[in-house]
Q: 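The structure follows.
When reading the values below, keep in mind they use all heavy atoms of this one structure, side chains included, and skip hydrogens, waters and symmetry mates. Each residue takes its place number in the sequence, starting with 1.
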Amino acid sequence: MTTILVTGGTGTLGRHVCERLRAAGHEVRVLSRKSRPYAVDLREGGRVLDEAVTGVDTVVHCATSPRGGDEKAARNLIAAARRAGVGHLVYISIVGVDRVPYGYYRSKLAVERLVEDSGTGWTVLRATQFHDLVLTVLQGLAKVPVVLLPARVKDQPVDVTEVAERLARLAEGAPAGRVEDMGGPEVRTFDSLARAYLRASGRRRAVVKVPLRGAAYRAFRDGGHLAPEHAVGRTTFDEFLTHRSGAGAPRR
């Protein structure tokens, strides 16, 4: 039985990774800011982090924050993993981090490079945006009568449970370096995703596409965050909405 530590193990992705690894018979340790006995802020590190990685064979690094601090957190985690002799570090990244000049993406790319230079066996998987993220964004945009969307932008959302399955398999295997990207089954315009959400939730909103400016917008518009050649996901956004608890509840 392998001992595997999952950072961000209570989050959107991490909790599914933990479930699959436990089901496969592995001993799983969950590290997050509030999950005991390994309640750690990776940006601060410390004794509890060292305890968390001691005796661990593999670390699956899912913890992340769009508000910043990912690079410092990764440095602390990698240093602790090296001290403990961890043999395999698995990192989840995002498709397009090397093509889209967006702050959060740049941070994810920097962490990729830290992992690659860690001196530890490593695996990096890039995935497209999760259905959950797209839903959260659309729920926020639909709070007002007119849904404003970036013009000419497409997306390729993937189901988080399918990404968790892939990560768990990678964690069970040997270090593989940068593996093939994982994209959702469909590349769709963002406004079509918005209209699908509005139908499923029973909301009545006008949808307006707005052209934006800036290098990041141009990169998104040009599809830098997409992986149509790796459309290996199975669950479509419409299927996700159908199965999502409460997604079909009528709202106004």
Side-chain angles (χ1 to χ4, degrees), residues 1-33 35 38 40 42 52-53 56-66 70 73-74 77-78 80-81 84 86-98 104-105 107-116 118 120-134 156-185 225-227 229-235 240:
M1 180 169 56
T2 302
T3 301
I4 301 176
L5 173 69
V6 180
T7 73
T10 60
T12 301
L13 172 64
R15 60 190 176 88
H16 292 293
V17 174
C18 290
E19 289 173 2
R20 279 151 182 76
L21 290 172
R22 288 193 180 107
H26 301 285
E27 177 185 343
V28 178
R29 298 181 186 178
V30 175
L31 186 151
S32 72
R33 284 179 292 178
S35 180
Y38 304 117
V40 179
L42 282 172
V53 297
V56 165
D57 302 288
T58 298
V59 171
V60 182
H61 187 27
C62 299
T64 186
S65 174
D70 276 11
L77 177 64
I78 289 168
V86 172
H88 190 188
L89 178 58
V90 181
Y91 180 57
I92 179 66
S93 189
I94 306 171
V95 170
V97 292
D98 54 345
Y104 180 53
Y105 280 31
S107 179
K108 296 288 284 187
L109 180 61
V111 173
E112 282 189 16
R113 290 170 176 163
L114 289 171
V115 169
E116 293 168 8
S118 65
T120 300
W122 59 275
T123 301
V124 170
L125 169 66
R126 292 180 181 176
T128 53
Q129 288 75 25
F130 299 151
H131 292 315
D132 304 75
L133 174 61
V134 174
Q156 189 182 354
V158 66
D159 195 84
V160 68
T161 63
E162 295 170 10
V163 178
E165 290 172 6
R166 178 89 180 276
L167 269 185
R169 290 196 302 270
L170 291 170
E172 291 176 305
R178 168 84 186 281
V179 298
E180 288 189 352
D181 294 346
M182 184 172 185
H225 60 306
L226 305 177
E229 68 281 13
H230 296 293
V232 296
R234 303 180 299 275
T235 305
F240 164 78

Q: Closest approach of T123 and A176, non-hydrogen atoms and distance?
A: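 Smallest heavy-atom distance, with atoms named: OG1-N, 2.9 Å.
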Q: If you apply the rule side-chain contact (heavy atoms from CB on, under 4.5 Å), what do you find for R126 with D98, and how did you get there?
A: CA-CA 11 Å; R126 292 180 181 176; D98 54 345; 3.1 Å; yes
Q: Using distance only, find each side-chain donor-acceptor pair of residues 13-31 under 3.5 Å and give its atom names and separation, not counting sequence neighbours.
A:
unit_1: R20; atom_1: NH1; unit_2: H16; atom_2: O; d: 3.2
unit_1: H26; atom_1: NE2; unit_2: E172; atom_2: OE2; d: 2.7
unit_1: E27; atom_1: OE1; unit_2: T3; atom_2: OG1; d: 3.3
unit_1: R29; atom_1: NH1; unit_2: E51; atom_2: O; d: 3.4
unit_1: R29; atom_1: NH1; unit_2: A52; atom_2: O; d: 2.8
unit_1: R29; atom_1: NH1; unit_2: T54; atom_2: O; d: 2.7
unit_1: R29; atom_1: NH2; unit_2: T54; atom_2: O; d: 3.2

Q: Output all residues satisfying side chain to side chain donor-acceptor pair (under 3.5 Å) with S32, sequence neighbours left out; order by chain, then residue number.
A: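 Residues passing side chain to side chain donor-acceptor pair (under 3.5 Å) with S32: none at all.
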Q: Could you tell me which residues satisfy side chain to side chain contact (heavy atoms under 4.5 Å, CB included) with D132, sequence neighbours excluded, listed by chain and number?
A: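 Scan of D132 (side chain to side chain contact (heavy atoms under 4.5 Å, CB included), adjacent residues dropped) gives T12, F130, V160, F240, R244.
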Q: Restricting to non-hydrogen atoms, name the atom on D70 and the atom on S65 that form the minimum distance, rounded to 0.1 Å.
A: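 Scanning both residues, the minimum pair turns out to be OD1-N, 2.9 Å.
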Q: If you look at every heavy atom in L167 and C62, which pair is closest and at what distance?
A: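 L167 and C62 have their closest heavy atoms at CD1-SG, 4.1 Å.
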Q: Mind checking side chain to side chain contact (heavy atoms under 4.5 Å, CB included) for A84 and listing every partner two or more places apart, or none if nothing turns up?
A: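 With neighbours one apart ignored, the set is V53, V86.
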Q: Evaluate the side-chain proximity of R166 to V158: yes if any heavy-atom separation is below 4.5 Å, no if none is.
A: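 Answer no - side chains too far apart.
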Q: For D57, enumerate each residue passing the salt bridge (Lys or Arg N to Asp or Glu O under 4.0 Å) test, keeping only those at least two apart in sequence or located in another chain.
A: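 Listed in chain order: nothing, the list is empty.
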Q: Do any side-chain atoms of residues 177-184 form donor-acceptor pairs under 3.5 angstrom with protein atoms, and if so which ones, sequence neighbours left out?
A:
unit_1: R178; atom_1: NH2; unit_2: D181; atom_2: OD1; d: 2.9

Q: Provide the closest heavy-atom pair for I94 versus Q129 in the form atom of the first, atom of the second, distance.
A: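 Distance-wise, the nearest heavy atoms are CG2-NE2, 4.2 Å.
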Q: Do the side chain of K108 and the main chain of V95 share a donor and acceptor less than 3.5 angstrom apart?
A: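 Not confirmed, K108 side chain does not pair with V95 backbone.
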Q: Residues in side chain to side chain donor-acceptor pair (under 3.5 Å) with R234, at least two apart?
A: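 Once residues adjacent in sequence are excluded, the partners of R234 under the side chain to side chain donor-acceptor pair (under 3.5 Å) criterion are E165.
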Q: Tell me every residue that passes ring pair (Phe, Tyr, Trp, His ring centres under 6.0 Å) with Y105, counting only those two or more places apart in sequence or in another chain.
A: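 Only Y102, F220 meet the ring pair (Phe, Tyr, Trp, His ring centres under 6.0 Å) criterion with Y105.
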Q: Mind checking what makes side chain to side chain donor-acceptor pair (under 3.5 Å) contact with S93, not counting sequence neighbours?
A: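 By the side chain to side chain donor-acceptor pair (under 3.5 Å) rule, S93 matches E112.
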Q: When you measure from the side chain of S107 to the backbone of Y104, do you find a donor-acceptor pair of N or O atoms at a distance under 3.5 Å?
A: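 Here the side-chain-to-backbone pair does not exist.
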Q: Identify, with sequence neighbours excluded, every residue that meets ring pair (Phe, Tyr, Trp, His ring centres under 6.0 Å) alongside H61.
A: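 Ring pair (Phe, Tyr, Trp, His ring centres under 6.0 Å) list for H61, sorted by chain: Y91.
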Q: When you compare the side chain of T7 with that of V59, does any pair of heavy atoms fall below 4.5 Å?
A: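 The answer is yes; the side chains approach within 4.5 Å.
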Q: Give the minimum heavy-atom separation between A227 and T128, together with the two atoms involved.
A: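 Closest pair (atom of A227, atom of T128, distance): N-CG2, 4.3 Å.
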Q: Suppose we screen for side chain to side chain donor-acceptor pair (under 3.5 Å). Which residues come up paired with T161, at least two apart in sequence or across chains?
A: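 In terms of side chain to side chain donor-acceptor pair (under 3.5 Å), with neighbours along the sequence ignored, T161 is linked to D159.
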Q: Heavy atoms only: give me the nearest P157-P185 pair and the separation to one decimal.
A: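 Scanning both residues completely, I find the closest heavy atoms to be O-CD, 3.8 Å.
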Q: Please determine which of V60, V56, T58 meets the side-chain contact (heavy atoms from CB on, under 4.5 Å) test together with L5.
A: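 Of the listed residues V60, V56, T58, the side-chain contact (heavy atoms from CB on, under 4.5 Å) partner of L5 is V56.
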